[in-house]
Amino acid sequence: MARYELVKRSVALITLTNPPVNALSSAVRHAIAKSMEHALNDPKVTAVVIYGENGRFCGGADIREFAGPLRGPPLVPLLDAIEAGEKPVVAAIEGVALGGGFELALVCHYRIAHFKARLGLPEVTLGILPAAGGTQRLPRLIGIPAALELITTGRHISAQEALKLGIVDQVTEQNACEVAVEFALRAVAKPLSSRRVSTLTTPCPPDLDALLEAVTMQVKKKARGAMAPLACVQAVRAAATMPYSKGIKRESELMATLFNSGQARALQYCFFAQRTAGKWTLPSGAQWNNSKPREIRRAAVIGLGTMGRGIVVSLARVGISVIAVESEKKLLETGKQMVIGMLERDAKRQGVSASLNLLKFTLSLQDLKDVDIVIEAVFEDMALKKHVFQELSKVCRPATLLCSNTSGLDVDALAGVTDRPHLVVGMHFFSPAHVMKLLEVVCGPRSSSETIATAMSLGKRMGKVSVAVGNCPGFVGNRMLKPYLDQATFLLEEGATPEQIDKALEDFGFAMGVFRMSDLAGLDVGWRVRKESGLTGPDIDPKNPPRRRQGHRYCPIPDMVCEQGRFGQKTGRGWYMYDSPGGTNAKSDPLIQNLLEMYRSRYGIQPRNISDQEIIERCLFALANEGFRILEDGIAARPEDIDVIYLFGYGFPRHRGGPMFYASMVGLERVLERLEHYHQAHPDVPHLEPSPLLKKLVACGSPPVQNWREHIKTMHSHL
Ligand code: 3H9
């Protein structure tokens, strides 16, 4: 767990050896404590270097250990002892120094970083704070404003930035360990007192209170209910106003509150869920670690609308050459200008030249003969997409992968019109595709494991969080969205307003309430889908009761909003009004209030007061209920995949862990009881009927989310 050796006759080199990230597990802490004791007691040793094996200094505390009781030596006294020692200790930082790893570096008397190293205190993203002295030492070293920014955001910084801030003493392009050993030898004769960061006085700005007040407000607004960022501010305040001995106690108190909170559990669950999500498996036994992806060098994107443009940019950013295809000259020119503009803005931000030579724009599919992969992003129309796939089949060489960016259409039906169904897969990006991190890789029944592996690996290369899902209408994300949106509109009928529903959801932690989100996405998209599914439009039988469709409750209000040409932000009017088309500042619109009142009086609905609790329960339990059905149907392999999709694609608050984790935190029994209650009150809403899997899990004693798979295993899988 830590190797001890003597180098250059007098330097004790302690190398952490806990792959993959040299996390500070109890065994590692124990090994460091023993090695340090040895080094400090051995008269031959004049200095110490701490290093991490495999080019990674240390990824911090072992997060897996957080679930159990503390074992092994606690970190704070161990780090204090290193700092207090009478022999110089130098941290040789390669790769990462994160969290407890950064705190370990902070107690060393000197820090040498490799020029590619990254440092940071990401604890806040795990719902905790840097509780091994990080909140007390960093402000003493770099001052309050910079420390606040790093600790409250968890941002990783480069070695160069760390040097500028005064965190590291030297940045090197050579082997950091060798440089650190030489550095340590030179440090032997120098006094150490000024190198012990905990003994420094925190440099405070004159307007400390005003600064802390302003940061608190800022952090509160961004945190959307997350507790850790605010606790971080309080801990840094202690560093500014208390001696180290008291500040460290305050840090520990704040940590204790956070550590046992549901939010910390949710955020740590998210950390592992995100990493689990990439590990796909097919019923055939093919999976992420036994299927080789193909190398992708040349790609094509068909359609230069919002999605297509974002996909082109995402591909070009990672050095893949792209042929972008449009059907008309004018659309091609507009798309081209926008793609170039986006890449040039990127390049300007990074101070490099834009990789425009990777791009080619064309009106002809004939240009796609030699590409490795095509991503189709044309209008969401099955007939059109089938036509494109047929044409691609004729034009592209037989080995080219054909992918669709459809947000919910049948990927297997598209595969069926090609000469290579095994090379067809869905790659569902989220808008705007160059910004949003989520990618649903939709596996059709005929998609080969190599095809899936390639789409997943390409997603990863583009910096996306890729999740493999099965093929059904809406896949995972959009299929779950339907019951969620339905509940929101039913609540409107019953007496709520868009503002009230959005506020309840935003107070819960969503980046945007459902109506603001719909306005941003465009209301016409859903309207077109409803028309195509026979739910609305001129072909509807006039004898059909207006609030029922296909045997179930139906809310026609969204159709009425669209009939008025209100398509959301892009038209300047939707559920809200905006200053102008494309505006983002949502204001209440009295016309919507009138529409709701007229609607209710037309159908004799007596509006009632609806509590925020009912809004949350009806929207989110219906959402999770559909998630249980998706698991039953084998469309998602595990709850973690669903949660990752909602975290990265739909703005679900991370500190709630995602819809499935949230249901488990509320208690599955309670979710079941509330769904039964609401289903009884609304028997014509099938989405409120508790799913068999939910009932099964409750009958099995509501196991933790990580164990649900055992209960799903026997069911049919589409993956
Ligand atoms: C802390 O330090 C608290 C302190 O203040 C003190 C309190 C007293 N623990 O991400 P990857 C696993 S809190 C356990 O795919 P990459 C990870 O699950 C900690 N496991 O690699 C994965 O496992 P698997 C603060 C960890 O190269 C494997 O390692 N530190 C830990 O893309 C590879 O991970 C952090 O928040 C860990 N600390 O990225 C840093 N870290 O293969 C968290 C990773 O089974 N870590 N694993 O799926 C990271 O940000 C990234 O892992 C890192 C490498 C950037 C290091």
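Each ligand, and each atom within it, is numbered from 1 in the order the structure gives. Position 1 is the first residue of the sequence; numbering continues from there.
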Numbered atoms and elements of ligand 1 in range of Gly99, under 4.0 angstrom, heavy atoms: 2 (O), 25 (C)

Pro130: numbered ligand 1 atoms lying under 4.0 Å from its heavy atoms: 5 (O)

For atom 45 (O) of ligand 1, the option (of Arg64, Glu103, Arg275, Arg118) bearing the nearest heavy atom: Arg64

NZ/NE/NH1/NH2 to OD/OE distance under 4.0 Å, Asp372 and Arg297: no

Proximal candidate to atom 26 (C) of ligand 1 [heavy atom criterion; set Leu126, Val21, Val124, Asn22]: Val21

Polar atom proximity, Ile63 to ligand 1 (N or O, under 3.5 Å): yes

Trace of the side-chain contact (heavy atoms from CB on, under 4.5 Å) decision for Glu640 with Phe661: CA-CA 8 Å; Glu640 287 92 335; Phe661 185 84; over 6 Å; no

Validation row: Phe102, Leu138 side chains within 4.5 angstrom (heavy atoms): yes

Gly100-ligand 1 polar pair, N/O distance under 3.5 Å: yes

Sub-4.0 Å protein heavy atom near atom 32 (O) of ligand 1: no

Top protein contact for atom 7 (C) of ligand 1, by heavy-atom distance: Met255 CE, 4.0 Å

Charged N-O contact under 4.0 Å between Glu450 and Arg294: yes

Axial cation check for Phe271 ring with Arg275, 6.0 Å and 45° limits: yes

Residue from Ile296, Ile320, Leu358 passing side chain to side chain contact (heavy atoms under 4.5 Å, CB included) with Leu315: Ile320

Nearest-0.5 Å distance that lies between atom CD in Glu103 and atom CG in Leu98: 11.0 Å

Charged N-O contact under 4.0 Å between Arg250 and Glu253: yes

Residue portion contacting ligand 1 (non-hydrogen atoms closer than 4.0 Å) for Asp62: both

Donor-acceptor side-chain pairing of Arg654 and Gln274 below 3.5 angstrom: yes

Proximity winner for atom 21 (O) of ligand 1, if only heavy atoms of Arg56, Lys460, Glu123, Gln268 are counted: Arg56

Residue-ligand contact Lys279/ligand 1, heavy atom below 4.0 Å: yes

Taking atom 40 (C) of ligand 1 as the reference point, the nearest protein heavy atom with its distance: Gly59 O, 3.4 Å

Contacting atoms of ligand 1, where contact means under 4.0 angstrom from a heavy atom of Phe272: 18 (O)

Arg656 to Phe508 six-membered ring, cation-pi geometry met (6.0 Å, 45°): yes

Nearest candidate to atom 37 (C) of ligand 1, where distance is taken over non-hydrogen atoms, out of Ala61, Gly95, Pro20, Gly60: Ala61

Distance from atom 55 (C) of ligand 1 to nearest protein heavy atom, with residue and atom: Leu98 CD1, 3.8 Å

Closest to atom 35 (C) of ligand 1 (judged by heavy-atom distance), picking from Pro122, Ala132, Ala131: Pro122

